[in-house]
Q: 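The following block contains the structure, expressed as structure tokens.
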Amino acid sequence: MPEKENTMRFEAQAILTAIATSKGEYEGRAFDSTTFHLSVDLPEKSTGESMGNVTRPFKLGTSAEFDKWRVYKDKWPVVGVPVQCVFDVTASVDNTAKLTLVSIKPAPTQKAA
């Protein structure tokens, strides 16, 4: 009998601390991806502890995704960029969970009152 998995989609705000793109060919295999490094309040594993600002890498799309963020290239804020994210979290019967980034965009700026 196959293991049952449950997937739930949710939105969350996070701080984007870095973006990296990787494109090329290695041993005859093409690769093309963008990795977003997010400060999120969700542990990657259920064991261990952490302190401070912990980031996790999330792959999303190809290097074309990186181009959407070029506006920040020469003015990346030291504190990172507030973003709105959509995640899928998949939980299986063995109490493991996998968090997948589905979409990301800059958070709306708040206007002064």
Side-chain angles (χ1 to χ4, degrees):
M1 178 181 269
E3 285 188 18
K4 277 200 160 212
E5 293 184 342
N6 293 313
T7 300
M8 180 179 76
R9 182 161 287 184
F10 68 97
E11 291 187 28
Q13 291 188 344
I15 300 296
L16 177 61
T17 59
I19 306 170
T21 186
S22 184
K23 183 177 182 176
E25 189 176 309
Y26 181 72
E27 295 183 355
R29 291 190 159 182
F31 58 91
D32 187 5
S33 67
T34 296
T35 302
F36 292 87
H37 294 269
L38 297 169
S39 176
V40 292
D41 190 19
L42 298 166
E44 188 167 2
K45 297 188 177 69
S46 60
T47 60
E49 295 179 273
S50 64
M51 281 193 260
N53 190 13
V54 178
T55 64
R56 288 184 50 194
F58 292 91
K59 286 194 177 193
L60 177 69
T62 66
S63 56
E65 192 69 34
F66 184 86
D67 292 335
K68 298 175 185 177
W69 295 84
R70 285 204 187 273
V71 65
Y72 293 104
K73 180 131 174 84
D74 295 324
K75 54 185 176 188
W76 191 267
V78 171
V79 295
V81 176
V83 291
Q84 189 68 31
C85 304
V86 175
F87 293 97
D88 277 348
V89 62
T90 303
S92 61
V93 293
D94 64 353
N95 270 351
T96 61
K98 180 181 179 188
L99 190 63
T100 304
L101 181 63
V102 176
S103 70
I104 184 170
K105 63 183 178 182
T109 57
Q110 295 183 1
K111 296 181 181 178

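If you're wondering where the values come from, they're calculated on a predicted model, not measured in any experiment. These numbers come from the heavy atoms of this one structure, side chains and all, not from hydrogens, waters or symmetry mates.
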Q: Cluster partners of Phe31, using ILVMFWY side-chain heavy atoms under 4.5 angstrom, listed by chain and number?
A: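 Tyr26, which link up through side-chain heavy atoms under 4.5 Å apart, make up the rest of the cluster.
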Q: What residues form a side-chain contact (heavy atoms from CB on, under 4.5 Å) with Val102, not counting sequence neighbours?
A: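 Per chain and number, Val102 pairs via side-chain contact (heavy atoms from CB on, under 4.5 Å) with Arg9, Val86, Asp88.
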Q: CZ of Phe87 to CZ of Phe58: how many Å apart, nearest 0.5 Å?
A: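 Going from the CZ atom of Phe87 to the CZ atom of Phe58 covers 4.5 Å.
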Q: Quick one: which of Ile19, Val81, Leu16 gives a side-chain contact (heavy atoms from CB on, under 4.5 Å) with Tyr72?
A: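 One option only clears the test, and that one is Val81.
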Q: Please enumerate all residues that pass ring pair (Phe, Tyr, Trp, His ring centres under 6.0 Å) together with Phe66, with sequence neighbours excluded.
A: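 None.
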Q: Within the structure provided, determine whether Cys85 and Leu101 are in side-chain contact (heavy-atom separation under 4.5 Å).
A: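 In short, these two side chains touch, coming nearer than 4.5 Å.
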Q: Tell me, please, which residues at least two apart from Thr21 pass side-chain hydrogen bond (donor to acceptor under 3.5 Å, both in side chains).
A: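 Expected list: none.
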Q: The criterion is side-chain contact (heavy atoms from CB on, under 4.5 Å); which residues satisfy it with Gln84, sequence neighbours excluded?
A: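 Residues passing side-chain contact (heavy atoms from CB on, under 4.5 Å) with Gln84: Glu11, Gln13, Lys105.
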Q: With Asp32, which residues qualify under side-chain contact (heavy atoms from CB on, under 4.5 Å), at least two apart?
A: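 For Asp32 the side-chain contact (heavy atoms from CB on, under 4.5 Å) partners, ignoring immediate neighbours, are Lys23, Thr62, Ser63.
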Q: Between Thr7 and Thr90, does a side-chain contact (heavy atoms from CB on, under 4.5 Å) hold up when you go through it step by step?
A: CA-CA 4 Å; Thr7 300; Thr90 303; 3.1 Å; yes
Q: Show every salt bridge (Lys or Arg N to Asp or Glu O under 4.0 Å) that has at least one partner inside residues 63-72, sequence neighbours left out.
A: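 Applying salt bridge (Lys or Arg N to Asp or Glu O under 4.0 Å) to every pair that reaches into residues 63-72, excluding sequence neighbours, yields Glu65-Lys68, Asp67-Arg70.
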Q: Can you list everything that forms a side-chain contact (heavy atoms from CB on, under 4.5 Å) with Ile15? Sequence neighbours excluded, please.
A: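 Ile15 satisfies side-chain contact (heavy atoms from CB on, under 4.5 Å) with Thr17, Ser39, Pro82 once adjacent residues are dropped.
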Q: Using the side-chain hydrogen bond (donor to acceptor under 3.5 Å, both in side chains) criterion, which residues pair with Arg29? Sequence neighbours excluded.
A: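 Once residues adjacent in sequence are excluded, Arg29 has no partner under the side-chain hydrogen bond (donor to acceptor under 3.5 Å, both in side chains) criterion.
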Q: What I'd like to find out is whether the side chain of Ile104 reaches to under 4.5 Å of the side chain of Leu38, using heavy atoms alone.
A: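 Contact flag for Ile104/Leu38 side chains = yes.
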Q: Which other residues belong to the hydrophobic cluster containing Val79, where Ile, Leu, Val, Met, Phe, Trp and Tyr are joined when side-chain heavy atoms lie under 4.5 Å apart, directly or via other members?
A: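 The other cluster members (ILVMFWY side chains, heavy atoms under 4.5 Å, direct or chained): none.
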